[in-house]
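Comments concern the structure below.
By convention in this document, chain letters (A, B, ...) are assigned in the order of the sequence lines, proteins followed by strands, and residues within each chain are numbered from 1. Worth saying up front: this structure is predicted, and the values here are computed from it rather than measured.
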There are 2 protein chains.
Amino acid sequence: MTTNGTVPAAKPAGAQSGTASITNVAALANVSTATVSRVLSGKRAKDDDIARRVRAAAEELNYSVNYAASALRSDVTNTIGLIIPSATDPLSAQLLDELEPLTDVDSQQLLLGIGATQEKQEERIESLVARNVDGLIIVTAPGAELAATLERQQIPIVQVGGRQRSFRTSMVSIDDNAAMEMSVRHLAESGVRSVAYLANRDMSFESAELFAMFHTQVRSYSLHTDRAWNQFGEKTVQRGFHCAMRLFGDALDRSGRDDLYRLRPEALICCDDTVAFGAMVALDALGLAVPGDVRIIGYGDSPLALTTMPQLTSVRPPVRQTVAEALRLIAAGPASPAHITLPPQLVARGSTGD
Amino acid sequence: MTTNGTVPAAKPAGAQSGTASITNVAALANVSTATVSRVLSGKRAKDDDIARRVRAAAEELNYSVNYAASALRSDVTNTIGLIIPSATDPLSAQLLDELEPLTDVDSQQLLLGIGATQEKQEERIESLVARNVDGLIIVTAPGAELAATLERQQIPIVQVGGRQRSFRTSMVSIDDNAAMEMSVRHLAESGVRSVAYLANRDMSFESAELFAMFHTQVRSYSLHTDRAWNQFGEKTVQRGFHCAMRLFGDALDRSGRDDLYRLRPEALICCDDTVAFGAMVALDALGLAVPGDVRIIGYGDSPLALTTMPQLTSVRPPVRQTVAEALRLIAAGPASPAHITLPPQLVARGSTGD
DNA sequence: TTGTAGGCGTTATCAG
DNA sequence: CTGATAACGCCTACAA
């Protein structure tokens, strides 16, 4: 036996406190370092006296594994990389808030990379891969095309949102076409005859596709719309205000006409809650009632949606499920990529009826 | 010489590609691993043929250091931990967006922890310290008291915002008292006679202090205010709307009185741009003009401030300087803590004049 | 300035 | 199941 028969209160060798290593724990528990490693990492079936002794010793010495050493030996770093275009992007922020607690229960850590352009995102991918992250979640920047960079990597990668262009990596996306279908149907069922769409201009193919989907759905529900009503633009309050002013600014003059619904929309679908909010402010200023004169649907189900009067009907992205699926796909490893599409949820509130 | 006279195209030993190690580079450059380490880490003065050969070899093999091994040997992980209450907190998000590019140029990585309560924040601190981060930046959650936890750590820690309660750690804070002074002075100089303050209720000592500071400044500029006008509340659009409705709801009845400025404030200072925005919407609905009847100042200089009409005067927190100082203090090490207070900037726009 | 050699803390391997 | 041992890749004290 190399360990002494008595069990001395083994002190850490290092000068600074708080640096107990596996050797100290092993000495205190009177077992080998290998056993300590096995017990603490759960690779040992029995929960006998030895296991208890090891845990007690680790506890007493306030031991925690050295992740660097562990990573060096086992090629597992217990880290997950997340790349987002910007922390001020609402969806990215929501994902962060949902993701962090989940990684924590796995005693994993989140390495963050921010890149708003394709080039920056590629840089961040390279640098996180160089850190040996166990997996990578990427919220693609609008218009970024990362397929080539992603294909090259050996680790599980999950792309969130954006368009799938690689069959070697996984993707979890939000079914915005379904959201559009829900929105138009919801409006049609509430008796609306015409509708306008304030779309998002972010240069992406998805936006264009969604714009087409809007028209498809409008036709399928026999609603009216007008080329001049539907425009691409920013996701800002101001933009919503201006658009509503343009659409309804001279509406009062024409009241009484029975084809009024063809002159101005009876409902607005907005690409973002902020746009919807701006539109509601404008309508209020014009003396038009929501939902009486105009019904409104936003997107994102941001906190803003609860603060308008009436409260805003909005499309809620499935953030929690997205995060859960992403982590599941990473745990599954790089060999089993999958493409998952999750439906959002239409949260009906006062702005589309009562 | 142990290396062969010829220079073979040394291949990585591992089966998978992309795993070249320092040994491979050394072999290809025909030098020792020690020299490679010194050249690539910049601990070697000359830039001679050897240095070039090493760099060329590293390039050719697509070599990048194994951070785990490097950390194990040298106790430097090239990682910085950041703890924030929530990614949806505007200040935290702005800090993230500013911080990430700066850590990147240092080839450092950001480890993120999210915790909205004192308990969660302490958990995250422990877990990031266990990861051997080189430094820790903490955006304190409202009301959290981390002094005891922070004192215990051996690494450089910078607290952002909040109240300093430890002389062993650094702090970078925003001088909100100065912001209040600027705001009141700005209003006084524009001829306002009375002012109300829509304060933030977050249970923190700072909010209470700021509330007192408001009254101090109001007195010092001989302005009028009223106990009933100034209340604590949420940072939401709705709250601003309600407060303004309450303050100005029956204002029209009293117009014409020459002591009107004592019955309702001629200016509003808001704890947040969203509150200011809500107030502007309410004022618009009430037929009161901004800045003609009421002048308004927000806080945060969020994108929202540019989308109101007129644009919103707001206090801009010194995010960039905060991040720069935090990184500087971390680089300086744990032995030289400092307390730094940075002044915000009052961005004057239409809501307080022209 | 360069190379040699040892060790950082952990886990995988292998023999008992 | 346990313990002894080697190896992960890198950095650095030391010797040349």
Would you please confirm or rule out a distance under 4.0 Å between OP1 or OP2 of [N] and any side-chain N or O of [X]?
X: K43(B); N: dC11(D); answer: no
X: S37(B); N: dC11(D); answer: yes
X: S32(A); N: dG3(D); answer: yes
X: S74(A); N: dT10(C); answer: no
X: T35(B); N: dG3(C); answer: yes
X: Y67(A); N: dC8(C); answer: no
X: S21(B); N: dG9(D); answer: no

Taking the minimum atom-to-atom distance to the side chain of [X], which one of [options] wins?
X: S70(A); options: dT2(D), dT11(C), dG9(D); result: dT11(C)
X: R44(B); options: dA4(D), dT2(D), dT1(C); result: dT1(C)
X: V65(B); options: dT13(C), dC10(D), dT1(C); result: dC10(D)
X: A69(A); options: dT10(C), dT11(C), dT4(C); result: dT10(C)

With no angle test and no hydrogens, is the base of dC11(D) tied to the side chain of R73(B) by a donor-acceptor pair under 3.5 Å? yes
Measure from [atom1] on [X] to [atom2] on [N] and round the result to the nearest Å.
X: R53(A); N: dC1(D); atom1: CZ; atom2: P; result: 15 Å
X: N132(A); N: dG9(D); atom1: CG; atom2: P; result: 10 Å
X: N30(A); N: dA4(D); atom1: CG; atom2: C1'; result: 16 Å
X: Y63(A); N: dT11(C); atom1: OH; atom2: C1'; result: 10 Å
X: N66(A); N: dT11(C); atom1: CG; atom2: P; result: 9 Å
X: D75(A); N: dA7(D); atom1: CG; atom2: P; result: 16 Å
X: N78(B); N: dC10(D); atom1: CG; atom2: P; result: 14 Å
X: L72(B); N: dC11(D); atom1: CG; atom2: P; result: 11 Å

CD1/I330(A) to OG1/T103(A) distance, rounded to the nearest 0.5 angstrom? 10.5 Å
Closest-nucleotide mapping onto DNA chain D: is R38(B) or S64(B) further toward the 5' terminus? I mean the 5' end. S64(B)
Assess whether atom CZ of R52(B) is packed by more than 12 heavy atoms of other residues, nucleotides or ligands within 6.0 Å. yes
When you check the gap from the basic side-chain N to the acidic O, do R152(B) and E122(B) get nearer than 4.0 Å? no
Ignoring hydrogens and geometry beyond distance, is a side-chain donor-acceptor pair present between Q159(B) and T169(B) at under 3.5 Å? no
Of D47(A), D48(A), D49(A), which meets salt bridge (Lys or Arg N to Asp or Glu O under 4.0 Å) against R55(A)? D47(A)
Run the side chain to side chain donor-acceptor pair (under 3.5 Å) check on T140(B) and Q121(B) step by step: do they pass? CA-CA 8 Å; T140(B) 318; Q121(B) 291 207 319; 5.3 Å; no
